[in-house]
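The block underneath contains the structure these notes are about, expressed in structure tokens.
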Amino acid sequence: MTALSVFGARLEERLQRRTATVGVVGLGYVGLPLAVAFARTGFRVIGADVDPSRAPLLANGTSPIEDVPTEVLAPLVQEGRLAVHSSTDALSEADAIVICVPTPLGKSKEPDISFIVAAADGVGRVMGPGRLVVLESTTYPGTTDEVLLPRFSREGMRVGEEFFLAFSPERIDPGNRTWELARIPKVVGGVTPACRHLAGLLYGQIIDRVIPVSSTQVAEMVKLFENTFRSVNIALVNELAIMCRRLGMSVWEVIGAAASKPFGFMPFSPGPGIGGHCLPSDPHYLSWRTRLAGYEAKFIAFADEINGGMPDYVVQLVVDALNDQTKSVRSSRILALGVAYKAGVGDIRDSPSLLIIEALQARGAHVDYVDPRVPQIQVSGHVLKSATWEQVDLATYDLVLVLTAHAEFDPQRLVREARLVVDTRNATGALGTFRHVIRI
Ligand SMILES: NC(=O)c1ccc[n+]([C@@H]2O[C@H](COP(=O)([O-])OP(=O)(O)OC[C@H]3O[C@@H](n4cnc5c(N)ncnc54)[C@H](O)[C@@H]3O)[C@@H](O)[C@H]2O)c1
């Protein structure tokens with residue numbers, strides 16, 4: 001049993017009864033599913049997003065996020081269970097506030113926590129006794145205690161007694177239908193045991209399992225370790241792909257057979273590079289923080305070098321494939337399949353596809369693309385519009401380049417109709433080997 005102050009006990013009861021109002025700051029890939037989950041569980045939810053186009057769209061009941069269907073969002077908005085505003089000032093009635101704003105990198109790959117600072121300042125303006133604030137944005141160990149705590153303690157309110165502060169990393173995998181929000185255990189670290197208890201209670205209303213840890217720093221580190229683990233392992237298989245090519249064997253066959261080992265091995269897939277808001281950025285939050293403590297992270301730098309080199313490696317695969325057919329990249333017609341950073345989503349943040357298309361264009365190729373989830377992109381200042389998979393004539397291209405394995409791309413048709421394929425995702429792997437299909 002955690003000893004609670006009067007404010008803590010009151011909040012505990014409101015959370016248990018689900019009469020508390022939950023505020024969510026930042027309604028993107030992380031915040032919107034969370035706001036919807038709380039609203040569906042019976043909480044009154046107030047969301048705030050400063051993007052001038054997003055708040056009106058959501059307030060209208062329209063969802064821009066694949067994992068939140070408009071059919072689910074619209075009734076919650078219409079029934080007043082989820083209200084959306086463009087300013088954090090609207091959160092003055094919220095008992096528990098969760099912050100889910102972006103944490104990108106600056107120009108020298110240093111953490112840019114300006115969104116967290118702005119959100120915390122906004123929350124600070126409406127902060128009052130009895131409130132719980134949880135930071136979910138991925139960030140370096142120490143952010144919650146060093147950046148948020150002083151802002152909320154300003155009025156002389158004592159943490160753990162008059163207000164409560166915790167960190168709980170978001171671990172969702174957009175587009176993953178198997179591991180939805182409720183089924184992903186939630187790690188929670190509080191500034192004090194009361195903070196941790198109340199934050200755990202909040203998440204326990206919508207998530208099957210809460211994993212308490214000893215501090216906010218440990219919770220912050222857990223998330224960075226998870227994504228560094230992925231980044232390093234992806235770098236390892238990317239390098240394995242390069243080595244297998246040199247030695248004349250299929251990396252996919254090697255990984256597939258290795259994955260038959262029932263213990264001590266976990267398969268990762270090579271590809272054209274890592275993208276999205278998390279993997280390319282999060283490990284740098286860790287290496288930046290440890291550098292301040294006098295330690296230079298080695299695996300992170302090495303993984304970054306290998307993963308960051310994959311777009312160029314793919315461009316070289318394309319150059320070689322065309323060359324083998326006595327063609328040059330210059331003046332060739334190339335169709336890129338998929339520009340989102342991974343299958344099933346329309347997120348192009350840090351997508352390696354954009355770098356690859358740009359590099360091919362710079363070498364004189366004419367590049368079109370198809371992505372059912374991304375209607376248009378900007379490459380080198382020019383807008384490209386997506387062709388449609390059903391209508392595009394694959395046979396008219398010198399080469400079709402698979403960059404994202406969206407389910408819509410029928411591999412049978414691809415192998416049948418395209419003249420030459422470079423497949424960076426093994427989308428065609430189940431169909432066997434073909435002379436005109438080159439895999440990473
Ligand atoms: N996308 C993922 O798969 C994922 C998974 C786990 C963790 N995360 C982490 O979660 C955090 C959020 O990521 P995301 O993908 O949801 O970002 P996102 O860009 O999709 O959404 C963030 C939203 O916050 C809004 N915002 C920014 N500043 C604000 C402010 N001061 N007040 C109110 N709203 C504000 C933005 O307008 C945007 O709509 C990041 O730290 C990210 O690393 C992301």
Side-chain angles (χ1 to χ4, degrees), residues 23-37 46-59 62-68 83-91 94 97-105 111-126 133-141 143-144 147-148 151 167-176 179-181 184-187 207 219-220 222-231 274-286 340-351:
V24 179
V25 183
L27 298 168
Y29 281 94
V30 166
L32 187 60
L34 198 68
V36 165
I46 305 171
D49 198 301
V50 292
D51 180 334
S53 60
R54 180 151 298 208
L57 189 75
L58 295 173
T62 308
S63 171
I65 306 279
E66 296 90 353
D67 290 345
V68 178
V84 180
H85 298 269
S86 55
S87 162
T88 41
D89 293 345
L91 300 177
I97 298 175
V98 186
I99 299 175
C100 313
V101 295
T103 41
L105 291 177
D112 172 3
I113 61 160
S114 58
F115 294 95
I116 292 183
V117 170
D121 284 340
V123 171
R125 282 195 293 276
V126 297
V133 179
V134 187
L135 178 62
E136 284 215 6
S137 304
T138 307
T139 184
Y140 59 82
T143 310
T144 308
V147 180
L148 268 64
R151 285 181 158 73
F167 181 85
S168 179
E170 186 47 70
R171 304 160 109 185
I172 53 154
D173 181 19
N176 189 331
W179 291 100
E180 290 179 338
L181 191 72
I184 306 170
K186 198 88 171 88
V187 172
I207 285 165
E220 289 159 337
V222 167
K223 174 70 189 182
L224 294 184
F225 175 57
E226 287 169 5
N227 276 358
T228 300
F229 173 86
R230 267 191 75 68
S231 164
I274 53 176
H277 183 42
C278 300
L279 280 198
S281 310
D282 297 355
H284 293 287
Y285 271 68
L286 180 52
Y341 81 93
K342 69 169 182 172
V345 300
D347 192 349
I348 56 166
R349 288 178 291 182
D350 273 327
S351 173

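Order of listing sets the numbers, starting from 1, for every ligand and every atom in it. One-based numbering along the sequence shown.
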Self-check item: Pro102 neighbourhood, listing ligand 1 atoms whose heavy-atom distance to it stays under 4.0 Å
Solution: 19 (O), 22 (C), 24 (O), 27 (C)
Exercise. Give the minimum heavy-atom separation between Tyr29 and Ile65, together with the two atoms involved.
Key: N-CD1, 3.6 Å
Quiz prompt | Under 4.0 Å to a heavy atom of Phe115 - the qualifying atoms of ligand 1, by number | solution = 27 (C), 28 (N)
Exercise. Check Ala90 against His85 and note the closest heavy-atom contact, atom names and distance.
Key: CB-CG, 3.3 Å
Exercise. Check the side chains of Thr144 and Glu220 for a donor-acceptor pair under 3.5 angstrom, ignoring hydrogens and angles.
Key: yes
Quiz item: What atoms of ligand 1 come closer than 4.0 angstrom to any heavy atom of Val25?
Solution: 32 (N), 33 (C)
Practice problem: Taking the side chain as every heavy atom from C-beta outward, state whether Leu286 and Phe225 have any pair of such atoms under 4.5 Å apart. | Solution: no
Quiz item: For atom 35 (C) of ligand 1, which protein heavy atom lies nearest, and how many Å away is it?
Solution: Val50 CG2, 3.5 Å
Quiz item: Which atom names give the shortest non-hydrogen contact between Gly26 and Val101, and what distance separates them?
Solution: CA-CG1, 4.3 Å
Practice problem: Among all protein heavy atoms, pick out the one at the shortest distance from atom 21 (O) of ligand 1; state its residue, atom name and that distance to 0.1 Å. | Solution: Gly28 CA, 3.2 Å
Quiz prompt | Residue, atom name and distance, where the atom is the protein heavy atom closest to atom 23 (C) of ligand 1 | solution = Asp49 OD2, 3.5 Å
Quiz prompt | Option with minimal heavy-atom separation from atom 9 (C) of ligand 1, where the choices are Val117, Val345, Thr138, Leu91 | solution = Thr138
Quiz item: Which protein non-hydrogen atom lies closest to atom 16 (O) of ligand 1, naming both residue and atom, and how far is it?
Solution: Val30 N, 2.9 Å
Exercise. Note the single closest protein heavy atom to atom 41 (O) of ligand 1, along with its residue, its atom name and the distance in Å.
Key: Thr103 OG1, 2.5 Å
Quiz item: Under 4.0 Å from any heavy atom of Ala119, which atoms of ligand 1 are there?
Solution: 31 (N)
Self-check item: Side-chain heavy-atom pair Ile99, Leu148 within 4.5 angstrom cut-off
Solution: yes
Practice problem: Using a strict cut-off of 4.0 Å, indicate which atoms of ligand 1 neighbour a heavy atom of Ala48. | Solution: 33 (C), 34 (N)
Quiz prompt | atom 20 (O) of ligand 1 - nearest protein heavy atom and its distance | solution = Tyr29 N, 3.1 Å
Quiz item: How far apart are the closest heavy atoms of Ser53 and Pro56, and which atoms are they?
Solution: O-CD, 3.5 Å
Practice problem: Taking the side chain as every heavy atom from C-beta outward, state whether Asp112 and Leu105 have any atom pair closer than 4.5 Å. | Solution: no
Quiz item: If you count the atoms of ligand 1 from 1 in the order shown, which ones are under 4.0 Å from a heavy atom of Asp51?
Solution: 37 (O)
Exercise. Heavy-atom distances under 4.0 Å are what count here, so tell me which part of Ser137 touches ligand 1: side chain, backbone, both or neither.
Key: both
Self-check item: Closest protein heavy atom to atom 42 (C) of ligand 1, given as residue, atom name and distance to 0.1 Å
Solution: His277 CD2, 3.1 Å
Quiz item: Which heavy atom of Pro185 sits nearest a heavy atom of Arg171, and at what distance?
Solution: O-NH1, 2.7 Å
Self-check item: Atom indices of ligand 1, in the order listed, that fall short of 4.0 Å to a heavy atom of Lys223
Solution: 6 (C), 7 (C)
Quiz item: Do NZ/NE/NH1/NH2 and the carboxylate oxygens of Lys223 and Glu136 come within less than 4.0 Å?
Solution: no
Exercise. Kindly indicate whether the side chain of Ser231, heavy atoms from C-beta on, has any atom under 4.5 Å from the side chain of Ile274.
Key: yes
Practice problem: Look at atom 6 (C) of ligand 1 and say which protein heavy atom is nearest, naming residue and atom and giving the distance to 0.1 Å. | Solution: Glu170 O, 3.2 Å
Quiz item: Under a 4.0 Å heavy-atom limit, does Arg349 contact ligand 1 with its side chain, its backbone, both, or neither?
Solution: side chain
Self-check item: Electrostatic pair Arg230-Asp282, nearest N-O below 4.0 angstrom
Solution: no
Quiz item: Just which atoms of ligand 1 are under 4.0 Å from any heavy atom in Cys278?
Solution: 2 (C), 4 (C), 5 (C), 8 (N), 43 (O), 44 (C)
